[in-house]
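Before any comments, here is the structure.
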2 protein chains.
Amino acid sequence: MEILRELKKLALFKGCPDQDIARMKNCFKAEITSYEKGEVIINQSSDANRVYLIVKGEANVEHEDMFGNISIILNLKAGDFFGLEEAYADKNTYKDALVSAEKAIVASFDRQKIISPCSNNCPCHIMLAKDMMKMISARSLALTDKIKHLSQRGIKDKVLSYLETQSRIAGSSYFEIPFNKTELANYLAVERSALSTVLGKLKKEGVIDFDKKRYHIKAKNQEE
Amino acid sequence: MEILRELKKLALFKGCPDQDIARMKNCFKAEITSYEKGEVIINQSSDANRVYLIVKGEANVEHEDMFGNISIILNLKAGDFFGLEEAYADKNTYKDALVSAEKAIVASFDRQKIISPCSNNCPCHIMLAKDMMKMISARSLALTDKIKHLSQRGIKDKVLSYLETQSRIAGSSYFEIPFNKTELANYLAVERSALSTVLGKLKKEGVIDFDKKRYHIKAKNQEE
DNA sequence: GAAGTTTTGTTGTTTTTGCAACAAAAAGGG
DNA sequence: CCCTTTTTGTTGCAAAAACAACAAAACTTC
């Protein structure tokens, strides 16, 4: 089964023997679905009775506000979960939507099975609990990062704050981000055209360079 | 001991017999300290080897960016933790500071003891693990809420988004927020004087009313 | 490779925000 | 109760962002 190969690539199942993964899939009532780019995986405000694992590809957590503006809260990659917080915090609706950002494979699990101790005594389940904790914590920190960016005054500072973080994560001044310009504007909650202008200016000033989704931070601290 | 009375008020220790709390305090190498308003409890970027529990009072999680601007990430109340995410995600420095927002009592625990299973077989420790999970999840959701506010274009929408959330949490159109105007500006990452102008306008328009930290949302959806 | 779609860049206008400086009001401390 | 400090409101100006509308470029799809 092809899915098994994908699952084994994830840090979550690292070192799990095949038959254990199979048993867990059964135990968690796993369902696996493929999505095309742009497909809505979960609708905002729908009932939160499952948790979702990105097995392959990427998906965005999106929020639509009362005026119809859509903002990208987070970008999820293979191995990331959606809906875990709702499960553990006992919320019964998702507050955001999950939208496929490219061709993606997504597994979903029964929420109750995930959060309660396993009666079948699955070998990897205890380890899993700790991984969950780590994952939720990491997400919390990622959200804090995003707040850091959004808290910057002005588009220029927002985008630089974001790019610096991405650069740090990539470990290089050359890096690729998961967003095109429109999506980046949504992520940073600014007007797309205004962002375009600012990016153009930063490029002209020689602070950064970019092409498509690839960016390069040229000067570190030689501004003003 | 007075502290014990405070601890027992927290949801975390609800139903725990006194001697168990005492044992856990010992097991987690607990230390308890009092702080005056404005005192820094934890410095940004300092070593993350303990986790902190607000026992009484309030404290703000604050972040100082590269330009020296300070923004309030979150407001923590009695029962809330600081540093849990770093512990579980295995980060060795705090990325934000913790500052007392009023006279407060804070307990701190050894990070390792909190995240590893207890060898002493403390009676409440298993329950505690689940509470931790719930707490981190709740924080994650709170951060998402904040992102929702920050993603609004314009101060007016930001502040209304925030106030509506606070109103929903309080379950009434009359409610009190934990911030004064300066702090609210920091939380929403906008200029204080601009916020003041916008609030004044909203009051004049009859959309909201406020006095000190008490607010009232008058009209639901009759704007423009 | 032509036609349509999506993404990106550009520009001008309007509105909002940031900034700075000040004054009034409220809170806190002896 | 007076003095000091903190909080809040106000205003004018400069800067920045939102908005709208359009054009060019890139990417699809047949």
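In what follows, every chain begins at residue 1, and chains take the letters A, B, ... in the order their sequences are listed. All values below were derived from every heavy atom in this structure, side-chain atoms included, with hydrogens, water molecules and symmetry-related copies excluded.
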Just list the side-chain donor-acceptor pairs under 3.5 Å for residues 186-211 of chain B, sequence neighbours left out, or say none.
| from | atom 1 | to | atom 2 | distance (Å) |
| --- | --- | --- | --- | --- |
| T197(B) | OG1 | S193(B) | O | 3.0 |
| K203(B) | NZ | F210(B) | O | 3.2 |

Taking N or O atoms only and anything under 3.5 Å, show me the protein contacts with nucleotides 6-16 of chain C, one pair per line.
| from | atom 1 | to | atom 2 | distance (Å) |
| --- | --- | --- | --- | --- |
| dT8(C) | OP2 | K181(A) | N | 2.9 |
| dT8(C) | OP2 | T182(A) | N | 3.4 |
| dG9(C) | N7 | R192(A) | NH1 | 3.1 |
| dG9(C) | O6 | R192(A) | NH2 | 2.9 |

- prompt: Quick one: ring pair (Phe, Tyr, Trp, His ring centres under 6.0 Å) pairs with a partner in residues 39-61 of chain A, sequence neighbours left out?
  reply: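 The answer is none; no pair qualifies.
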Roughly how many Å is it from [atom1] in [X] to [atom2] in [N], rounded to a whole number?
{"X": "Q152(B)", "N": "dA18(D)", "atom1": "CD", "atom2": "P", "result": "12 Å"}
{"X": "L202(A)", "N": "dA17(D)", "atom1": "CG", "atom2": "C1'", "result": "15 Å"}
{"X": "E191(B)", "N": "dA20(C)", "atom1": "CD", "atom2": "C1'", "result": "9 Å"}
{"X": "K204(B)", "N": "dT10(D)", "atom1": "NZ", "atom2": "C1'", "result": "10 Å"}
{"X": "L195(A)", "N": "dA17(D)", "atom1": "CG", "atom2": "C1'", "result": "12 Å"}

- prompt: Would D96(A) and K148(B) pass as an ion pair if we require N to O under 4.0 Å?
  reply: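 No, D96(A) and K148(B) are not salt-bridged.
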query: Between S167(A) (side chain) and S172(A) (backbone), is there a donor-acceptor pair under 3.5 Å?
result: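 Yes, the answer is positive, given that a donor and an acceptor are paired below the 3.5 Å cut-off.
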Spacing of I73(A) atom CD1 and K95(A) atom NZ [to the nearest 0.5 Å]: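 Here the interatomic distance stands at 9.5 Å.
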- request: Decide side chain to side chain contact (heavy atoms under 4.5 Å, CB included) for L74(B) and D80(B); before the verdict, give the C-alpha distance in whole Å, the side-chain angles of both, and the deciding distance to 0.1 Å.
  value: CA-CA 11 Å; L74(B) 267 181; D80(B) 290 333; over 6 Å; no
